[in-house]
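The sequence lines fix the lettering, A, B, ..., with proteins before strands; numbering per chain opens at 1. All figures in this text were calculated on a predicted structure; none of them were measured in a lab.
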Amino acid sequence: MTQTPAAATTHPRRVDVPIVQRRRKPSGRGHVLRTTIFYIIMTLVVIGILLPLWTMAVASLSPVKSLYSNHVPLWPQSFRLSNFVDAWHAAPFGRYYLNSIFTTVAIVVLQLITSSLAAYAFAFVRFKAAKAVFGLVVLAMFVPTQAVFVASYILISDYGWIDSYQALIIPFAASAFGIFFLTQSFRSFPYEIIESGRVDGCSHLRALRSLVLPNARPALATLALINGVFHFNYFFWPLIITNSESHRVLPVGLTTMASESGGDQLIQWNQVMAADVFMVAPLIVLFALAQRVMVRGVARVGIR
Amino acid sequence: MRSKHSRARMTSIGAAAAAGAMLVAACSSSHPSNSASKGSASAPAAGTTSSAAAGSTAASGKVVKLSFWYGLGGNLGKTVVSFVDAFNQSHPNIQVNATFQGSYSGGGPEQQKLLAAVAAGNPPDLAQMEVNSGPSFVQSLRPITDLMNSSADSKPSDFLPGVLAATQVNGQYYGLPWNRSAPVIIYNKTMFDAHGISSPPATWQDLAADAKKLTTAGVVGFEPVAQWWFTEAGVMSGGAQMLSDDLKSAKFATPQALVVPNIRQQMIKDGTAKPHNSKDPFGDTIADFGNQKTAMADMTNSSLSAIDAAVNGKFQWGVATWPKVSGTKYALPPGGANIAMFKAMPDSKVQAAWTFMQWMDSTAETVKWSEQTGYAPVKKAALDDADYKSFLSAHPQFSVPLQELQYTVSPPASPQYYGVLEYVQEAQTKAWFSGVSIGDTLAAAAKQTNQLLGG
């Protein structure tokens, strides 16, 4: 409720208005209404996002019978932590966890390396047919897995890699989206700096490492998160390419929890949800930690 | 039943099957005769769980290793593993390595994986295969007619009438029936008594009349399950066929074929029937039935134990044969899956694989399997089995589907049938949930089908 001298001098007629109020006032009632509507919409969006997570958490603590009653409970009728123990033992989740984390980290590291190399070339190196090649990379983003998985499978099979970590990692070592995303981000970096570095005898690799990458950290983090989450969740290829429990990953493990439907017994949704918690928890933590840098990354790419 | 496909999956098999089927054909024609040598030559490079080294000799006392892909998750998956473990323990010379490959449904992950593996030349030795999948995979399967005919207890005549439907392509057997189901109706006896209805409906006309009586505030008379299987069942129950005998044109939009689908849609329009438009239509229907929101429902016999759990003694319930149309005979499609053998395996493994298949279908095991899962047993001898007799008297609802099996009709043996079913599923969804006449949507689906089949 204090007045600043600056406010007093620039708006002499409003000296008596405290700053906080003054900010709201200019557009009057319409502004209040707009703000209210904004908050209502945002609250609904938040509920829409949190409700499934909340239901998952409630279900993971409930006895299975209560999940087949008329209403989905909004509060657990009991706290059955044993669901988590049962779910953990229903499949080798420890192994799945290690496999998921290892393959996701490996994929992300490789993608960051390959994508930044390619993006540097597209952004700063002039070569023949650069636009056409970039177009091809963008095109690759639109090819669905289903269209090419048989060919990929045959290739991996010819290498003798079926049911191996290579098969889970190498096909994703390069990412069309990653190249596209980093190229857009790198282009916001002033070319003049690279040029002057080059004049001073700095190699392309050095320019990438010492000039471009340190300034692209938000974009790199964003790419790591987006693609990391995608591969952590990816079900189809890991299922297709692995046979043994020792190479299977969390999403594949989850599907072994529930038969498609029907079946001899009711699906143990409480255990399925407990297993979902295993799967989702690391992602939520990761997002909470990385949210700020991620938003900055997207904003940077947007503003060119 | 577990032969259901999500629409997304169906779409993907549409694309994958088209590409995959060509690959399957191309691949198997490139090495049709050298399957025995191929197994030992390329299996190590292929790196599947089937080891070629073990395939060399079954007779010399070495352990034959077999890979077996199955597509049942959850508790059913655990049951599968317990059966395989029991087999391995009782057969020291054979080691079956069973791996879960995602749902075996049409277009599901297991089938997509099989398409890729066949194309790459390294399919498993054995796989659980959905009842409609035979024609799509026939090029890569080993016919087992010779093995069946010389078998002690797995001759065609040893099986219950009806369960060998969907095991033959072009007169050859390509799989043994394993987990088999049939469409049934479940009904709330307590509600039937309250409305003075003495017996479950035998025809769709009766069912529609009963549903009208049973529909009250908060209770709908009948809950159809939004899955193509029941439109297929409706077409067959009306005395019609899905495809023409030459497999070149659709027959599911003829006036006769439309009788049951029309009755079912009319009930939805009248408000005496209400389907769920959900990803888990069976699960939602079971929950509604248990919560007494519906008096009758479409069901599969493989879910009877789940229904018992959902009802939880709150009311009396029963199972009835999926109705027919007055004046026709019962005719119903099979559900579930077979076990099939891939011909890429070396000849030295065939006997071991066949031993496993026979064992899974042996009277003792099929009885155990049926009791533990709710699927129908497959052998005639199961009916005389003392163990199974006492099980049936304790669980009378299991005897209805057992009698119903004899009405099972083989679905059309067309490799394009999954594509056809996808059209049927779309037609049913459109009709039920946006009010278009199912006659119109099925007619449109028939047109698409004719184009697909090139008839």
Side-chain angles (χ1 to χ4, degrees), chain A residues 64-65 67-72 89-91 144-164 166-167 235-248 251-269 271-272 275, chain B residues 1-2 4 6 12 15-16 19-20 23 44-49 67 69 72-79 97 99-103 105 108-109 112-113 115-117 119-122 124 181 279-283 286-287 290-291 293 299-300 302-306 309-310 312 372-375:
Chain A
V64 71
K65 287 262 162 66
L67 303 177
Y68 280 92
S69 63
N70 267 327
H71 306 287
V72 177
H89 291 300
T145 321
Q146 314 288 8
V148 293
F149 81 91
V150 174
S152 309
Y153 186 98
I154 294 172
L155 193 67
I156 295 295
S157 169
D158 286 348
Y159 289 148
W161 284 358
I162 302 283
D163 202 26
S164 69
Q166 298 96 291
F235 165 73
F236 184 70
W237 179 259
L239 174 81
I240 294 284
I241 212 71
T242 61
N243 288 317
S244 63
E245 296 285 13
S246 57
H247 289 103
R248 289 207 150 160
V252 178
L254 272 186
T255 60
T256 62
M257 298 284 300
S259 195
E260 246 193 12
S261 60
D264 57 326
Q265 286 166 41
L266 291 175
I267 295 177
Q268 304 290 311
W269 282 118
Q271 286 184 30
V272 176
Chain B
M1 74 139 199
R2 16 216 69 261
K4 64 198 67 74
S6 73
S12 61
L23 279 162
T48 50
T49 45
S67 53
W69 289 4
L72 287 167
N75 291 315
L76 287 166
K78 284 181 203 154
T79 312
N97 184 10
T99 45
F100 175 67
Q101 305 294 1
S103 165
S105 59
Q112 301 208 20
K113 184 162 174 169
L115 281 177
N122 56 4
S181 50
K279 285 204 161 172
D280 183 13
F282 280 91
I286 292 171
N291 293 322
K293 283 180 171 177
M299 200 34 67
T300 153
S302 61
S303 291
L304 295 182
S305 303
N312 201 15
Q372 288 179 29
T373 63
Y375 283 108

Practice problem: Pick whichever of A/E245, A/Q271, A/R248 has the most heavy-atom pairs under 4.5 Å with chain B. | Solution: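 Top count of heavy-atom pairs under 4.5 Å with chain B: A/R248.
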Self-check item: Euclidean distance, A/Y153 OH relative to B/L115 CG, rounded to 0.5 Å
Solution: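 If I round to the nearest 0.5 Å, the distance is 11.0 Å.
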Exercise. Would you name the heavy atoms of B/Q112 and A/F149 that are closest together and state the gap between them?
Key: O-CE1, 3.3 Å
Self-check item: Shortest non-hydrogen contact between A/I240 and B/P109, atoms and distance
Solution: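 Scanning both residues, the minimum pair turns out to be CD1-O, 4.1 Å.
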Quiz item: Taking C-beta and beyond as the side chain, do B/Q101 and A/N243 meet within less than 4.5 Å on heavy atoms?
Solution: yes
Quiz item: A/S152 versus chain B, heavy atoms under 4.5 Å apart: side chain, backbone, both or neither?
Solution: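 It is neither, since no heavy atom gets under 4.5 Å.
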